[in-house]
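Notes for the one structure printed next.
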Amino acid sequence: VLFPIIIKQEGVTLGTIENDEISRCMEEPDGQYTMITCRNKGIPIAEYFEELENEENPELTFVQLLESFVQGLKMVSILEQHTIVHMDINENTITYDKINGTLAISDFSMSFDKEDHNTTKDEEIFVEYDGEMYWTLEVYLLSIITELEPEARQQVPTKEEVDSLCMKYAEESSLRRIVDEATMTQYMEMMKIYVEDTMSGQTWDQMNATLKETAYTWDVFSLIVLFLRIIENLSIKGSELVQEVRQQLCDYIITRPNMM
């Protein structure tokens, strides 16, 4: 299991820069920063499975599917050991090195330390949801809370307000395009009960803290959604073994976050 190999590190002064992706990672535009150059020998994970499809070897594809998912879980476990939540696991941030047979994870621009309780960084982490990121409902709700004014965050939302946000997530979520209607319905029903059981009567600010308690499960959720998407594009997706794997992944999704 690999993270991108660091080739060199050097001190730089970034100054004023127009690139939004870099700018939002900087606390002080004129401060001293370290530029890290990495070597990533892999190709995007989805691209790798496309290549496997061309080899027309269903046994190899199935084995690689399982091994890659297990490696992905190990990477997430390593992040958790260092109290890091990646926040942006997808086809582009997970790569496969065909020479060594290992995965690597990159792009930590949205990552955060779960033990760092400084909420001033929330605006950089919980950005506006675009429907493409593999986010849980909790992260979606956090992105909404982050946009609220300080005074509004001290208010207790009504059940109707929370239900409305849940419905909006269900309509916009990338999960809807990957799982079947029954799984999506189960997930939303489970999450509505979870939110009501754990956050009923809380202010938006209190909900913010409660939602973050399950942060270590978010990357696992994203990894599962990624592999469900990969499965949907495989010619072997109809096989009994792959369907069993797919069902197990879906079962995990519909598990309450505080019971994962």
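Computed from a prediction, not measured in an experiment: that's the story for all the values here.
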| field | Value rounded to 0.5 Å, distance of CG in L52 from OG1 in T61 | value | 4.5 Å
| query | Nearest 0.5 Å, what's the CG-CD distance between N92 and E47? | reply | 10.0 Å
| remark: For L66, the side chain to side chain contact (heavy atoms under 4.5 Å, CB included) test, sequence neighbours excluded, returns F62, V245
| query | Who are the side chain to side chain contact (heavy atoms under 4.5 Å, CB included) partners of T185, not counting sequence neighbours? | reply | E181, E189
| request: Measure the acute angle between the ring planes of F112 and W218, then classify it against the limits of 30° and 60° as parallel, tilted or perpendicular. | output: tilted
Going by heavy atoms in the side chains, are [X] and [Y] under 4.5 Å from each other?
X	Y	answer
T95	L103	no
V225	F221	yes
F126	M87	yes

Non-hydrogen atoms of [X] and [Y] that approach each other most closely:
X	Y	result
M207	P157	SD-CG, 3.7 Å
W135	I125	CZ2-O, 4.3 Å
I254	T183	CG2-O, 3.8 Å

| field | Evaluation steps, side chain to side chain contact (heavy atoms under 4.5 Å, CB included), between H86 and I84 | value | CA-CA 6 Å; H86 186 275; I84 299 299; 5.6 Å; no
| Is the shortest side-chain N to carboxylate O distance from E80 to K114 below 4.0 Å? |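 No, this pair does not count.
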| task | Without swapping roles, check the side chain of Q243 against the backbone of K237 for a donor-acceptor pair under 3.5 Å. | result | yes
| said: I'd like to know if the side chain of S164 reaches the main chain of E160, judged simply by a donor and an acceptor atom lying under 3.5 Å from each other, with no hydrogens or angles considered. | reply: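 Answer holds: no.
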Among side-chain atoms of [X] and [Y], is any donor-acceptor pair under 3.5 angstrom?
X	Y	result
D219	S222	no
Q247	D251	yes
E138	Y169	no
N258	T214	no

| query | How far apart are the C-alpha atoms of M199 and L211, what are their side-chain angles, what is the distance that settles it, and do they pass the side chain to side chain contact (heavy atoms under 4.5 Å, CB included) test? | reply | CA-CA 9 Å; M199 286 164 260; L211 288 165; 3.6 Å; yes
| task | Flag this pair as yes if the NZ/CZ of K98 is under 6.0 angstrom from the six-membered ring centre of Y48 and inside a 45 degree cone about the axis; otherwise no. | result |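 So K98 doesn't make the cation-pi contact.
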